[in-house]
Amino acid sequence: MDCGDVREVLLDYQQGRLASDAHGQVRAHLDGCPSCAHEDRLEHELTLALERRLPQYPAPLAFKRRLGAQWPAEASSAATRRPWPKKWTALAVAAVLVLVLAPLAWQAVLAPPDAGRSAMVTEAVNDHVRLLQSQRPLEIENSGIHQVIPWFSGRLDFAPGVRFAGDADFPLRGGAVGYFLDRKAATLVYGRRLHSVSVFVVKAEGLPWPRRGLERVGRLEVYRTSARGFNVLLWRDGELGYALVSDVAPKDLTLLAEKFARSS
Amino acid sequence: MQGRDEGEQPGAMGREALAYADGLYNLARYLTRNESDAEDLVQETYTRAFNAAAQFTPGTNLKAWLFRILRNTFVSHYRRERHNPVTGGLDTVSPSLPAPEDLGRQRDSIELDRLRKAAAEDIERALMGLSEDGRTVILLDLEGLTETETAQVLGCAVGTVKSRLSRARAALRQALADWET
């Protein structure tokens, strides 16, 4: 790669969007080219300036409440529905029974192991979205991992086992106690550029943690998926289970999981 | 958009869509330059999104879809209504010629120093000096959209996004380096 090639992909390089061999080639060029290395520093400084100091304008809370009130509960408004003729009612009841009972039968007899896993992914994404929407999502703002983790004592019947205190790439923003399916969860929120990454920690026993299609991240074996535009990582580590959810790139989520693996 | 009964909650799509309100409002604020128009633009975006909800494929990228609606609404309505077709900007002019080597090194050092010291208002002012497309690609990049998603939002090729982003960042650097901070 010459200087022109490197500068063309410098932003991709900084954002981890290059394949590993191309990444290595750029790294090697930067190590031997002071001019491009300086350009790399300038681009990095510009990114930091934009991410950390450009004023952000979140939507006013009253406006968000108005938006929430105006988004209908269902796509089809009750006002537009016509009453059904009586003779269709019996057929409708039968259809409803089939619709209700068939999935139950499916779950009881034929349900694939993926069904429970899918419920966990859905729950993780829903919880993450609730946190984003909440006006006051964190019960304890970050004042250091040594304040945040002890805060969970007495609020949970397990220790969350998280040692990663956050860093410049993933600053710890705070924590909260919530529910994940049928149990209490420790929720930690880390930042990534302008985004939030939610980490849910629960007692793992009794949940259908994925056992197939896992990939190794450090010492962990994680299950990676996405739902509704969010990336999700699930893994079990001894008695505890973890779910990471965010709209950041999959590579960024892996990076955070690696930090968890190294620190726990 | 019709209101809903008290006590009802938005459906799953609504909840997810509302989670993006901050990002949408931030872009709207930087495009329209004022709070009132930003609220109108975001409100109109959600109205259009709800009306077109049947066209959205569940499981695809709702965030990029909402940003595309916002951007199209801005282009087709707000910009035209205000007779303010801002197409120019620092990122639409050719960059100045490179300085001789010694001067170039000196300038690089000053640029690095000024970037590190740039205050919030300087960065905002520099961003507002870009064209609308330049501002949009910078803000969508900060929002974490990939170049492919940004291309979907802007309705252009990925290569165009790359070059717009590159020009916009170069213009920001030049603006921040040129100002005394």
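In the text below, chain A, chain B and the rest are named by the order of the sequence lines, each starting its count at 1. Atom set for the values below is all heavy atoms of this structure, side chains included, hydrogens, waters and symmetry mates excluded.
At a 4.5 Å heavy-atom cutoff, the contact between L127(B) and chain A is made by side-chain atoms alone. Contacts between R192(A) and chain B at a heavy-atom distance below 4.5 Å are absent for every atom of the residue. Within the 4.5 angstrom heavy-atom criterion, atoms from both the backbone and the side chain of E143(B) approach chain A. Interface remark: T47(A) contributes backbone and side-chain atoms alike to the contact with chain B (heavy atom separation under 4.5 Å). Proximity to chain A (any heavy atom under 4.5 Å) is shown, for A28(B), by neither the backbone nor the side chain. For A227(A), no part lies near chain B; criterion is any non-hydrogen pair under 4.5 Å. Proximity to chain A (any heavy atom under 4.5 Å) is shown, for L142(B), by both the backbone and the side chain.
Partners of D182(A) by side-chain hydrogen bond (donor to acceptor under 3.5 Å, both in side chains), not counting sequence neighbours: none found. With sequence neighbours excluded, the residues forming a side chain to side chain contact (heavy atoms under 4.5 Å, CB included) with A157(B) are T160(B), listed by chain and number. Taking the salt bridge (Lys or Arg N to Asp or Glu O under 4.0 Å) definition, one finds that R193(A) meets it with E51(A), D141(B), sequence neighbours left out.
Proximity of a side-chain donor or acceptor of H195(A) to a complementary backbone N or O of V248(A) within less than 3.5 Å is not detected.
Annotation: cation-pi pair R135(B)/Y30(B) absent, no NZ/CZ under 6.0 Å from the ring centroid and within 45° of its normal.
There is a side-chain donor-acceptor pair under 3.5 Å between S35(A) and R7(A). Checked by atom type, the side-chain pair R224(A)/T254(A) shows a donor-acceptor distance below 3.5 Å. In summary, the side chains of T136(B) and R71(B) do not present any donor paired with an acceptor at a separation below 3.5 Å, with no hydrogens or angles considered.
Counting non-hydrogen atoms of neighbouring residues, nucleotides and ligands closer than 6.0 angstrom, the NE2 atom of H44(A) reaches no more than 12 such neighbours.
Below 4.5 Å, heavy atoms of chain B meet heavy atoms from L11(A), D12(A), Q15(A), all part of residues 8-15 of chain A.
Contacts with chain B were tallied for L194(A), L46(A), V129(A); L46(A) has the most, counting heavy-atom pairs under 4.5 Å.
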